[in-house]
Enquirer: 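Quick one: the structure is below, questions incoming.
Both ligands and their constituent atoms are indexed starting at 1 by order of listing.
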Amino acid sequence: MTRESWQTRIGFILAAVGSAVGLGNLWRFPWMTSENGGAAFLLVYLGIVLAVGVPGLLAEFVIGRRSRRNPVGALSDLSDSKGWTAFGHVFVVTAVVLLSFYSVVGGWILRYVAASATGAYFADPGAYFAGIDYGIEAVAFHLAFLGATAAIVLRGVRRGIESATKLMMPAILVLLVGLAAWGLSLDGAGAGVDFFLTPDFGYLRANFLDILPAAAGQALFTLSLGAGTMVTYASYLGEDRSLVADGTAIATLNTVVGVLAGVVVFPILFALGAGAGAGGPGALFVSLAGAFAALPYGQVVGVAFFGVVALAALSSSISMLEIPVSFLVDEYGVSRPTATASFVGVFAVTGSVCALYPNVFSFVAGTLVDLLLTGGLVGFLLFAGWVMGRGALDEYRRGAGGLARSLATPWLYAVGVVIPVFLVFTFVSGVAAALGVTVEPLSVLGVTLDQTRVFAVVSVALAVVAFLGLRRPDSVL
Ligand code: TRP
């Protein structure tokens with residue numbers, strides 16, 4: 001059986017943008033921004049997308065296109081090593097973890113499309129959300145969302161994913177631009193725009209080290225990095241166009257949608273006097289939904305807004321389901337329908353657990369996802385930099401233009417050395433925070449090291465050990 005592939009290059013780009021654009025842009029991004037100082041956060045986040053996101057995206061693309069395999073098969077084929085094959089299975093776990101909580105939020109969104117039409121939450125948005133967020137109805141809506149996801153993946157790469165995202169992406173953009181124009185026209189919208197787009201440099205300087213990991217986590221999540229989604233999508237590329245051009249286009253479009261989402265959400269929140277503080281995880285469902293209730297044509301705006309979010313969530317969830325499906329199809333020769341059905345069975349259960357137990361949901365959606373994605377991306381980066389080495393450079397250069405080619409070697413250094421050290425640092429800090437570990441200042445050779453510096457030293461040491469362990473004849477570094 002020949003392996004599936006994208007019909008067109010633009011089909012691949014839109015599918016990848018569809019994966020990237022999702023709840024990360026519309027729900028998580030405004031929430032993170034409001035908790036981390038507004039425009040100050042935006043600035044750091046944009047820097048990380050450019051410095052970490054784009055090179056990371058290219059690493060996943062290079063691995064996927066070179067191997068033409070799912071993440072497990074890719075690491076296995078390109079390394080011929082049992083260790084990497086075993087590590088590859090982590091991505092199947094990551095996919096399960098991701099879609100389990102994502103599908104629950106997707107279910108809430110589906111419900112809110114309907115509830116906006118009838119105005120069900122208009123009287124008391126807070127109480128309405130608290131009544132539906134977890135429980136048996138949340139399970140039902142999660143299953144509905146999962147069903148929609150499966151229906152697309154079942155149809156395959158071209159007839160399913162590619163044709164669906166080709167319709168969804170333009171629809172999302174048009175609706176968002178319309179909503180942003182409407183939001184900006186509200187009285188008092190200016191304060192929201194200010195909060196979102198005018199950085200407070202004093203805040204930035206004082207909180208830089210707290211903003212950094214939050215911005216890094218957000219950048220990975222929104223670009224769908226660290227789970228093997230982008231490896232999988234690039235593995236369906238039949239032609240040798242420039243991965244650099246495609247990756248840049250994908251990251252840019254994703255950023256545009258994130259910024260547009262902020263321009264929709266913050267003016268509406270500020271115009272209604274809710275302020276940024278109302279921007280937590282329930283922001284979409286409580287503050288923003290409450291704003292729709294108070295505004296003229298609220299029902300129409302509500303359906304349009306939650307409709308956009310539903311489309312965006314669906315075009316991402318299919319990319320999560322595609323990871324384990326491609327794994328079963330490639331590695332075990334299972335048919336696509338059987339593979340899809342098997343994993344839908346798994347997700348039906350794991351997602352229901354998230355829909356029933358708020359504590360499980362929070363842990364999975366927060367700490368667990370952050371750590372798995374960071375660790376997963378470090379794995380891909382080290383793999384491209386040290387195991388593939390020369391092969392990664394060749395693949396990067398295939399189809400690339402002059403400017404991109406001249407950046408090939410710097411890219412390999414970034415991917416093999418600089419970015420892993422940075423991500424290991426955020427990983428170590430994240431684990432310490434999750435376990436509640438704090439480190440007393442240490443004095444070494446007369447230099448006092450505070451916790452941040454201790455973690456930095458530990459990260460560099462860990463990275464160096466990894467580099468030495470991974471060196472192979474093909475490593476250019
Ligand atoms: N990027 C998507 C969003 O912003 C979520 C997503 C899809 C994802 N596939 C992923 C996140 C893989 C991490 C890894 O909503």
Side-chain angles (χ1 to χ4, degrees), residues 14-33 45 48-49 52-53 56-57 59-61 63-64 70-71 90-106 108-109 145-146 149 152-153 161 164-165 168-169 172 176 215-234 247 250-251 253-262 281 284 308-327 343 347 364-380 423:
L14 288 181
V17 172
S19 169
V21 168
L23 297 170
N25 308 62
L26 298 160
W27 167 66
R28 205 173 184 271
F29 179 61
W31 159 27
M32 287 291 132
T33 307
Y45 162 82
I48 295 187
V49 165
V52 175
L57 195 54
E60 288 207 24
F61 282 173
I63 295 171
N70 67 90
V90 170
F91 297 109
V92 178
V93 175
T94 305
V96 171
V97 165
L98 272 174
L99 188 50
S100 300
F101 93 87
Y102 208 84
S103 178
V104 174
V105 184
W108 294 343
I109 304 281
F145 184 81
L146 183 61
T149 305
I152 298 174
V153 169
I161 299 173
T165 46
M168 289 154 96
M169 288 308 109
I172 291 172
L176 262 187
Q218 176 60 23
L220 298 202
F221 187 83
T222 192
L223 285 171
S224 302
L225 293 176
T229 286
M230 293 302 183
V231 172
T232 308
Y233 274 13
I250 292 161
L253 277 169
N254 180 59
T255 305
V256 167
V257 173
V259 171
L260 265 179
L284 230 50
V308 169
V309 184
L311 288 179
L314 198 57
S315 64
S316 299
S317 62
I318 55 181
S319 77
M320 296 176 188
L321 180 55
E322 183 62 21
I323 302 169
V325 166
S326 72
F327 162 66
F343 271 99
F347 288 120
V364 164
T367 314
L368 192 58
V369 164
D370 269 355
L371 293 181
L372 283 172
L373 295 183
T374 313
L377 185 59
V378 170
F380 284 136
L423 290 177

Enquirer: Look at atom 11 (C) of ligand 1 and say which protein heavy atom is nearest, naming residue and atom and giving the distance to 0.1 Å.
Expert: Phe221 O, 3.3 Å

Enquirer: Distance under 4.0 Å to a non-hydrogen atom of Ser316: what atoms of ligand 1 satisfy this?
Expert: 2 (C), 7 (C), 15 (O)

Enquirer: Please list, in number order, the atoms of ligand 1 under 4.0 Å from a heavy atom of Ala20.
Expert: 1 (N), 2 (C), 3 (C), 4 (O)

Enquirer: So for ligand 1, is Leu23 a polar contact partner (N or O within less than 3.5 Å, distance only)?
Expert: yes

Enquirer: Which of the numbered atoms in ligand 1 are below 4.0 angstrom from a heavy atom of Ala227?
Expert: 12 (C), 14 (C)

Enquirer: Check whether any side-chain heavy atom of Glu60 lies under 4.5 Å from a side-chain heavy atom of Tyr233, and answer yes or no.
Expert: no

Enquirer: Got a second to check how far Ile48's CD1 is from Leu220's CG, nearest 0.5 Å?
Expert: 8.5 Å

Enquirer: Report the nearest protein non-hydrogen atom to atom 2 (C) of ligand 1: residue, atom name, distance rounded to 0.1 Å.
Expert: Ser19 O, 3.1 Å

Enquirer: For the residue pair Leu23 and Trp108, establish whether any side-chain heavy-atom pair is separated by less than 4.5 Å.
Expert: no

Enquirer: With heavy atoms only and a cut-off of under 4.0 Å, state how Leu373 meets ligand 1: side chain, backbone, both or neither.
Expert: side chain

Enquirer: Thr232 and side chain to side chain contact (heavy atoms under 4.5 Å, CB included): which single residue from Ser319, Pro324, Pro71 fits?
Expert: Pro71

Enquirer: May I ask you to check if ligand 1 and Gly24 share an N or O to N or O distance below 3.5 Å?
Expert: yes

Enquirer: Out of curiosity, is Tyr102 lining ligand 1, as in a heavy atom under 4.0 Å away?
Expert: yes

Enquirer: When you compare the side chain of Leu314 with that of Thr149, does any pair of heavy atoms fall below 4.5 Å?
Expert: yes

Enquirer: Have a look at ligand 1 and work out which part of Leu98, if any, has a heavy atom under 4.0 Å from it: side chain, backbone, both or neither.
Expert: side chain

Enquirer: So, for Tyr102 and Phe347, is the gap between ring centers shorter than 6.0 Å?
Expert: no

Enquirer: For residues Ser19 and Ser224, is any side-chain donor paired with an opposing acceptor at under 3.5 Å?
Expert: yes

Enquirer: For Thr229, counting its heavy atoms only, list the atoms of ligand 1 lying under 4.0 Å from any of them.
Expert: 9 (N), 10 (C), 12 (C)

Enquirer: What protein heavy atom is closest to atom 8 (C) of ligand 1, reported as residue, atom name and distance in Å?
Expert: Ser224 OG, 3.5 Å

Enquirer: For Phe29 and Tyr45, run ring pair (Phe, Tyr, Trp, His ring centres under 6.0 Å): C-alpha distance rounded to whole Å, both residues' side-chain angles, the deciding distance at 0.1 Å, then the answer.
Expert: CA-CA 10 Å; Phe29 179 61; Tyr45 162 82; 5.0 Å; yes

Enquirer: Of all the heavy atoms in Ser319, does at least one lie under 4.0 Å from an atom in ligand 1?
Expert: yes

Enquirer: May I ask you to list the atoms of ligand 1 that are less than 4.0 angstrom from any heavy atom of Thr222?
Expert: 1 (N), 4 (O)

Enquirer: Counting distance only, does the side-chain N/O of Ser103 pair as donor-acceptor with the main-chain N or O of Ser100 below 3.5 Å?
Expert: no

